[in-house]
Number of protein chains: 2
Amino acid sequence: MRADAKKNRDRLLAVAGEVFAEQGADASLRDIARKAGVGLGTLYRHFPTREALLETLLRASFEALAARAGELETSDSADEALVVWMHETTEFTYSQRGIIALMMDAIEDTNSALHASCVMLRAAGTALLTRAQAEGKARDDLNGEELFDLIAALAWLREQPAHAPRADRLFDIIAGAVLTDRADV
Amino acid sequence: MRADAKKNRDRLLAVAGEVFAEQGADASLRDIARKAGVGLGTLYRHFPTREALLETLLRASFEALAARAGELETSDSADEALVVWMHETTEFTYSQRGIIALMMDAIEDTNSALHASCVMLRAAGTALLTRAQAEGKARDDLNGEELFDLIAALAWLREQPAHAPRADRLFDIIAGAVLTDRADV
DNA sequence: ACCTGAACACCGTTCAAGT
DNA sequence: ACCTGAACACCGTTCAAGT
């Protein structure tokens, strides 16, 4: 890559990171290009879709979340590990408002730039769920896809301003529904 | 209202009903005006906001759902009544894709045209929940706002194409979390 | 090889001009 | 009293023209 191209790309990523964090994942791409001092075509050349831009920005975080699942799998108790990971995953998507809807699409769309990341994330969660189930800590009649749906539902709720004051309660209720022991977490 | 104004209004409502049902609650208002054979300004004159248009279209359905809660309250067992109503409410919002996000905003925004309808709906659900709790059929540590959040989360999930095949399972899991008896519904 | 921005086809919203 | 559609300020996306 030519040096000027790399400079533009880096600048775009830096600005996009700020703008997405501020305005959510549906922020204007035109605005990002403008703030990066770059032509709109340059943004599209480097990142052909919004998903591609987000994927580049968030890949490291997705991988960190998957790695975190591996970590929790060897350290904490099976049920606690699962709940902690559900919580951290929900909080992560909240830090990138609007991304959970894109992730729900991407996980079924092999052409999406976010597809691989989402599949990886779901697999990481599935491993934690399976371990908890093996130890009788999580309900048996639940699979990784359903767990991903529940996390997505929590993440979406978290994004709703009307819901904010009840975020923790709702998390506990749904996490409680996943575990065998019904006591709040 | 002048006869021609009423004709335009009726025409707009008829077309909007079709277009929203087809394309979801975020359909283009310009498109609706065009299809109704009416100037865009006429749409705005009759319905100053998208919410106002939706409210006029859906008020009857909202009221029917609230009435249905009253009906279920006197007929069915408390737990079944609650779950059936949760289901019917979820299905209703699904028939109007995109409306649940607007409802979540509207319930906190007294200025929204949808505010009253949402508050009424939440109150109807709260009554069913309270009865179920009084009979020991629903968990005690839950209030009407939280129930509304759970229904909203289910409604949002229902709208996600990626989730569709698991819609029924997820409903059972969350409805199960509301009830005291953990058995699936 | 890469960048730019005009061009195109859309939005939501407002409002001057018409009947 | 009501209607119309141009006008304005935005989108996402593409692509001819420039360096």
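Predicted, not measured: the structure shown is a model, and the values here were computed from it. Just so we're on the same page: letters track the sequence lines, and every chain starts at 1.
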Nucleotide of dT4(D), dG5(D), dC11(C) approaching V38(B) most closely (side-chain heavy atoms): dT4(D)
Return the nearest nucleotide to the side chain of S28(A); candidates are dT13(D), dC3(D), dC11(D). dC11(D)
What nucleic acid atoms does A27(A) come within less than 4.0 Å of, heavy atoms only: base, sugar-phosphate, or nothing? sugar-phosphate
For K137(A) and E80(A), what are the C-alpha separation, side-chain angles and deciding distance, and is it a side chain to side chain contact (heavy atoms under 4.5 Å, CB included)? CA-CA 9 Å; K137(A) 301 278 189 58; E80(A) 207 177 298; over 6 Å; no
Can you tell me if E159(B) uses its side chain to pair, donor with acceptor, with the backbone of G98(B) under 3.5 Å? yes
What is the nucleic acid contact for T42(B), judged by heavy atoms within less than 4.0 Å: base, sugar-phosphate only, or nothing? base
Closest to the R2(A) side chain: dT13(C), dA1(C), dT13(D)? dA1(C)
Nearest whole Å is fine: how far is dG12(C) P from L40(B) CG? 8 Å
Measure up the F92(B) and F62(B) rings against each other and bin them: parallel (under 30°), tilted (30 to 60°), perpendicular (over 60°). perpendicular
Mind checking if R50(B) touches a base, just sugar-phosphate, or nothing, with heavy atoms under 4.0 Å? sugar-phosphate
Give a yes/no on whether any side-chain N or O of H46(B) is located under 4.0 angstrom from OP1 or OP2 of dC3(D). yes
Nearest whole angstrom, please: distance from the P of dG12(D) to the CG of D31(A). 9 Å
R30(A) side chain, from C-beta outward: closest of dC11(D), dC2(D), dA7(D): dC11(D)
Any salt bridge between R131(A) and E73(A), counting N to O under 4.0 Å? no
If the cut-off is 4.0 Å, is N8(B) near the phosphate of dC2(D), judged by side-chain N/O to OP1 or OP2? no
At their closest point, which heavy atom of I99(B) faces which heavy atom of A25(B), and how far apart are they? N-CB, 4.0 Å
Classify L29(B) by what it touches in the nucleic acid, base, sugar-phosphate, or nothing, heavy-atom distance under 4.0 Å. sugar-phosphate
Lys/Arg-Asp/Glu bridge criterion (N-O < 4.0 Å) met for K7(B), D4(B): no
Let me know the distance between OH of Y44(B) and C1' of dC11(C), rounded to the nearest Å. 9 Å
On DNA chain D, compare the nucleotides closest to R34(A) and G41(A); which residue's is nearer the 5' end? R34(A)
For DNA chain D, just give me the dot-bracket, please: Watson-Crick or G-U, both distances below 3.5 Å, ( ) intra-strand, [ ] crossing earlier pairs, | paired with another strand, . unpaired. ||.|||||...|||||.||
